Chemist: 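Quick one: the structure is below, questions incoming.
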2 protein chains.
Amino acid sequence: MNNCNPSWEHYKRYCLPVAALKLSLDISKVSFEASDFEALKTQADDALIKMQALEKGAVANPDENRQVGHYWLRNPDLAPDEAVREQIVSALERIAACVRAIHEGAKRGAHGPFENLLVIGIGGSALGPQFVSKALQRPGEDPMQAFFFDNTDPDGMDQTLAQLRGQLGKTLAIVISKSGGTKETRNGMLEAKRAYETAGLSFAHHAVAITSEGSRLHRVACEDGWLEIFPMWDWVGGRTSELSAVGLLPAALQGIDIEAMLKGAKDCDEVTRQMDAQHNPAAWLAMMWHHCGQGKGDKAMVVLPYKDRLELFSRYLQQLVMESLGKSKDLDGTLVEQGIAVYGNKGSTDQHAYIQQLRDGRNDFFATFIEVLRDRDGASMELEPGVTSGDFLNGFFLGTRQALHENHRDSITLTIESVSARTVGILIALYERAVGLYASMIHINAYHQPGVEAGKLAAGQVIEWQVRILELLETHPNQPFDIEAMDAALGGHQVHETLYKICQHLAANPARRIRRMEGASHFEAEFSSVA
Amino acid sequence: MNNCNPSWEHYKRYCLPVAALKLSLDISKVSFEASDFEALKTQADDALIKMQALEKGAVANPDENRQVGHYWLRNPDLAPDEAVREQIVSALERIAACVRAIHEGAKRGAHGPFENLLVIGIGGSALGPQFVSKALQRPGEDPMQAFFFDNTDPDGMDQTLAQLRGQLGKTLAIVISKSGGTKETRNGMLEAKRAYETAGLSFAHHAVAITSEGSRLHRVACEDGWLEIFPMWDWVGGRTSELSAVGLLPAALQGIDIEAMLKGAKDCDEVTRQMDAQHNPAAWLAMMWHHCGQGKGDKAMVVLPYKDRLELFSRYLQQLVMESLGKSKDLDGTLVEQGIAVYGNKGSTDQHAYIQQLRDGRNDFFATFIEVLRDRDGASMELEPGVTSGDFLNGFFLGTRQALHENHRDSITLTIESVSARTVGILIALYERAVGLYASMIHINAYHQPGVEAGKLAAGQVIEWQVRILELLETHPNQPFDIEAMDAALGGHQVHETLYKICQHLAANPARRIRRMEGASHFEAEFSSVA
């Protein structure tokens, strides 16, 4: 056949099929010149060399003096020493044994074999388990159903507990905190504990911890005699912990084939360790992120999987990408204010929400389409002669991709056969690697998160002030204080606005017994403790 | 008291309490000068005048020659003529009667009173109902529980149907499509119909339609004798239809007080009709969007409600804001490529996902915090002396707001008492108004969506090609075609890549009986129909 079709030639050149993973990565709808590609490839090749050192155990997170070991989780033979290898293998064995004992009913709740799991965690200890749970659930068939406490919202916890009403005696709580000191998770644990106790159940007999050895959570779980404690290690970051016990235990309990998930990640690691960027899909991703955003994240990454099961993948990537790449300084300490914003839910649903802006409005994004070839288990009905609902899904994906391309909006397409434990493992590993490579290309540390402390410290201060305010008001029952009087009584120099916000919150919750009395103006309101 | 505290004075000046709505809007953490505020106010005052004309029935959507009437839905007395007023009032009465009949069991399914609703819709016909359902659910107490088909993903529909296994005889299907021709919704309806029939049930006896009179869906529902048909009108856009039958019927069936929701929206409309922008919270929002993004959407709107119930609000706003504002041309036809990107989930959860980037990384966003003062129904346990989980939620909100502010990241804070039917109505109306005002400030049509057609047309073409490919392959059973041969057989001039993508999808679904045979290279694969 002759090569008379330039767009077909372009597609074939810039669509990378990866037989070992049964996926393909298509960058033909990103506008670049062949010379751009070559320049990006040179940078990516360099990043691949640095990644090699990291995988061998170099301290890739210099600020925290930590190794970066999530790649070892799916191939323990790569661990830098035998002790680490042994830790990984023995944790996997313990997970398998625990899951077996629970599924067989040898380990069980007070009211029978465990049917539900309540995962208590936040951030890296929730997003991965949530993504995987939804991606691989089989409603009505899974041995256990997963519920989550992923915040410190009291009403949110009440709603989840209402869904579990009468079932806590068959519900396993899994408390996940790497540091063992995350307040939201501690709060969720205490609220859950109280719910179990209110139901006449021992929390310890229904609880498992996943945490670092010696953490506060570890101590509590030891002292109270919880069912099990699984390890976390300082060489695994929260956002890359899905393939440690954090993700594997909940997944296996739900009935997911975690060996296939690990194997998928391992196989993907092998492919993306390929030192020639030309054949490496993770390198292609990193190169396109760099090209689209000019190495500064100038365009947001809109993630559009055309498959309901993958709806939470963009939330998972929000953390993986934004927490890894959103850094103020580069590795030399130069101010760079890096990052890539990530958002999206699923197609074709999102077409009906904001494709209008993507096609016609600000050209401030690049799309990543995730195409899943398999429609469903079993055959589909024909809605029109020869056409199924899955054909429409495919048609909307292709049509949208084309409509964006025509209007010079860039898109990447990642194609997988189906959503399975294996492909979920592949997706996780592929993006972990791409993030690492991109970080290397822009010369930042992808493995720390120095910016999260400020908010936590300020929050701690708010809690301290609240304690002092309550003390003041309660030692002066019925005595009204406006904000300025309150500040003076507390010794002055408090931020008035914060005092006001704390009082406003307390007064809105009747059980706190703090009354608000309106003043001459809204902000001259007075607050008092009701005796 | 003396005014010795400049930050407190600044806060009081730029925090707008709205007593009638029990909310406040705080823009004190956006950096602007008093002179900026005055200039913005002048623009907003002008937008308020234009909004007045729109509410009186001017054709505010000139491209489609349509009135914009969503404000009449909650105050029918404002409708421009008696016929429209009467339509709104009678629809409300019919909704109330239908809901009563269903809750009392007078209208019931084949297997008993209706316990579930399956809402089939997409975009404007799903996002509002989903947001409201989650925001106001009371697990275990609601008279009916809501499920959704919001896509044409066959596997997604299978998962929802699995959750409803054995319960379809007590499940009311509500099919929502304004045009009555949306393919995803038509597909969902046909898939649902088949599931009912497979269960030995009449779909028509379990189905309600919400659609425009005379639409295809309207005809089907009439001919098949569905339980009810509720109206949609061309003067209500999909993305502002939550307070029409589209949102009200599912909400009322779930047990939500829709009168309170309507009253909240009506009261908010009255407040935000205030012609002096100085006292108008919707105007303040529009002014800040304009200021933060320099009137061009240069910064994304990150929506962070500190309340699990409001988790879907950002998705609702994604549509409302991005579909309304993401426009290529302004009202004079000048190319402007406008828009504001919207993303976010909930706090404090998102702090653990991407606050790192927000605080340290790219300063390409402004945050909107939504603070909910009421923690939960009933009292909370103390986790530390005097401190509850709600106090921590409040502390994390305040701490994060401060940490962003310290690093010169702008944020708006909207404070409401609690999440209730009334406040949900207020939130919807407030943002509808803010979007309309902002659109007016930047001189665009907020009420059309010309950019969504291109993708739909291209999708239709893909479906046509697929039909032709299947015809070709099936009339030549067992004869392999590579893509170039296929193109030639189809008369040439097809886009090879599209042919390839269609074949790849068909071959991945065994029931289609299309086989892929690998060729010399990946893209030289041949496809044939299995006889």
Side-chain angles (χ1 to χ4, degrees), chain A residues 1 8 11-12 17 122-123 139-140 151-156 162-163 187 308 319 322-323 326 328 339 343 349 352-354 356-357 359-362 373 375-376 379 386 389-390 392-396 398-400 402-403 449 451 454-455 458-459 462-463 470 484 496-497 505 508 511 522-523, chain B residues 1 8 11-12 17 122-123 139-140 151-156 162-163 187 308 319 322-323 326 328 339 343 349 352-354 356-357 359-362 373 375-376 379 386 389-390 392-396 398-400 402-403 449 451 454-455 458-459 462-463 470 484 496-497 505 508 511 522-523:
Chain A
M1 294 277 171
W8 178 229
Y11 172 71
K12 289 192 288 184
I122 194 166
N151 197 3
T152 180
D153 174 22
D155 174 67
Q163 292 177 287
N187 298 354
D308 290 357
Q319 182 187 45
M322 295 176 77
E323 197 167 55
S328 65
Y343 64 93
T349 307
H352 292 256
Y354 58 81
Q356 166 64 37
Q357 177 165 322
R359 183 177 143 100
D360 272 14
R362 290 177 57 82
L373 294 174
D375 290 337
R376 68 175 7 140
S389 50
F392 274 99
L393 189 66
N394 186 53
F396 286 124
L398 290 172
T400 298
Q402 184 185 324
Q449 49 284 331
V462 170
I463 297 287
L470 279 172
E484 297 184 26
H496 289 193
E497 178 185 342
H505 174 243
H522 185 80
F523 300 103
Chain B
M1 295 277 170
W8 178 228
Y11 172 71
K12 290 193 288 184
I122 194 166
N151 197 4
T152 181
D153 174 22
D155 175 67
Q163 291 178 288
N187 298 353
D308 291 355
Q319 182 187 44
M322 295 176 76
E323 197 168 54
S328 65
Y343 64 94
T349 307
H352 292 257
Y354 57 82
Q356 166 63 36
Q357 177 165 322
R359 183 178 143 100
D360 273 12
R362 291 177 57 83
L373 294 173
D375 289 339
R376 67 172 12 135
S389 50
F392 273 99
L393 189 65
N394 186 52
F396 286 124
L398 290 172
T400 297
Q402 183 183 324
Q449 48 284 333
V462 170
I463 297 288
L470 278 173
E484 296 183 25
H496 290 193
E497 179 184 341
H505 174 242
H522 185 78
F523 299 103

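These numbers come from the heavy atoms of this one structure, side chains and all, not from hydrogens, waters or symmetry mates. Nothing here was measured: the structure is a model prediction, and the numbers come from that model. In the text below, chain A, chain B and the rest are named by the order of the sequence lines, each starting its count at 1.
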Chemist: Tell me if a side-chain donor or acceptor on T152(A) pairs with a main-chain N or O of S389(B) at a distance below 3.5 Å.
Modeler: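 Answer holds: yes.
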
Chemist: What are the two closest non-hydrogen atoms of E323(A) and H352(B), and how far apart are they?
Modeler: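 Between these two residues, the closest heavy atoms are OE2-O, 3.6 Å.
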
Chemist: When the ring planes of F523(A) and Y11(B) are compared, do they come out parallel, tilted or perpendicular, using 30° and 60° as the limits?
Modeler: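 Judged by the thresholds at 30° and 60°, the geometry between F523(A) and Y11(B) is perpendicular.
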
Chemist: Is there a side-chain contact between E484(B) and W8(A) in this structure, where contact means two heavy atoms from C-beta onward sitting under 4.5 Å apart?
Modeler: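 In contact.
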
Chemist: Using non-hydrogen atoms only, which part of Q402(B) is less than 4.5 Å away from chain A: side chain, backbone, both, or neither?
Modeler: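 Contact with chain A: side chain only.
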
Chemist: So, for T349(A) and I122(B), which heavy atoms are closest and what is the spacing to 0.1 Å?
Modeler: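 Here T349(A) and I122(B) meet closest at CA-CD1, 3.7 Å.
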
Chemist: Do the side chain of T400(B) and the main chain of G455(A) share a donor and acceptor less than 3.5 angstrom apart?
Modeler: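 It does not hold such a pair.
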
Chemist: State the CG-CZ distance between N151(A) and F396(B), to the nearest 0.5 angstrom.
Modeler: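 These two atoms lie 9.5 Å from each other.
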
Chemist: Just to verify, what does D375(A) make a side-chain hydrogen bond (donor to acceptor under 3.5 Å, both in side chains) with, not counting sequence neighbours?
Modeler: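 So D375(A) forms a side-chain hydrogen bond (donor to acceptor under 3.5 Å, both in side chains) with H505(B).
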
Chemist: Where the side chain of Q449(B) meets the backbone of Q356(A), is there a donor-acceptor pair that is under 3.5 Å apart?
Modeler: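 No, because the side chain of Q449(B) does not come within donor-acceptor range (under 3.5 Å) of the backbone of Q356(A).
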
Chemist: Between atom CE of M322(A) and atom CG of D360(B), what is the distance when rounded to the nearest 0.5 Å?
Modeler: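 Spacing of CE (M322(A)) from CG (D360(B)) equals 12.0 Å.
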
Chemist: Which heavy atom in Q163(A) sits nearest to a heavy atom in P139(B), and how many Å separate them?
Modeler: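 Answer, listing the atom of Q163(A) first, then P139(B): CG-CB, 3.9 Å.
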
Chemist: Could you have a look at A458(A), A353(A), A511(A) and say which one has the most heavy-atom pairs with chain B under 4.5 angstrom?
Modeler: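 Most heavy-atom pairs within the cutoff with chain B belong to A353(A).
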
Chemist: The criterion is side-chain hydrogen bond (donor to acceptor under 3.5 Å, both in side chains); which residues satisfy it with R362(A), sequence neighbours excluded?
Modeler: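 For R362(A), the residues satisfying side-chain hydrogen bond (donor to acceptor under 3.5 Å, both in side chains) (neighbours in sequence not counted) are D364(A), D298(B).
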
Chemist: Between A508(B), A403(B), G123(B), who has the most heavy-atom pairs with chain A when the cutoff is under 4.5 Å?
Modeler: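 Looking at each of A508(B), A403(B), G123(B) in turn, A508(B) comes out on top.
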
Chemist: Output the distance between atom NE2 (H496(A)) and atom NZ (K12(B)), rounded to the nearest 0.5 Å.
Modeler: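 Result: 9.0 Å between the selected atoms.
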
Chemist: Nearest 0.5 Å please: distance from the CG atom of L393(A) over to the CG atom of D153(B).
Modeler: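 That separation rounds to 5.5 Å.
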
Chemist: If you take all heavy atoms of G451(A) and R359(B), which pair is closest and at what distance?
Modeler: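 The pair with the smallest heavy-atom distance is O-CD, 3.4 Å.
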
Chemist: Report the option among G390(A), P154(A), G140(A) that has the most heavy-atom pairs separated by less than 4.5 Å from atoms of chain B.
Modeler: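 Option with the top pair count is P154(A).
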
Chemist: Does any backbone or side-chain atom of A459(B) lie under 4.5 Å from a heavy atom of chain A? Answer side chain, backbone, both or neither.
Modeler: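 Answer is both: backbone and side chain atoms of A459(B) are under 4.5 Å from chain A.
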
Chemist: Which of the residues A454(A), G386(A), P17(A) is involved in the greatest number of heavy-atom pairs with chain B at under 4.5 angstrom?
Modeler: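 Counting heavy-atom pairs under 4.5 Å, the top option is P17(A).
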
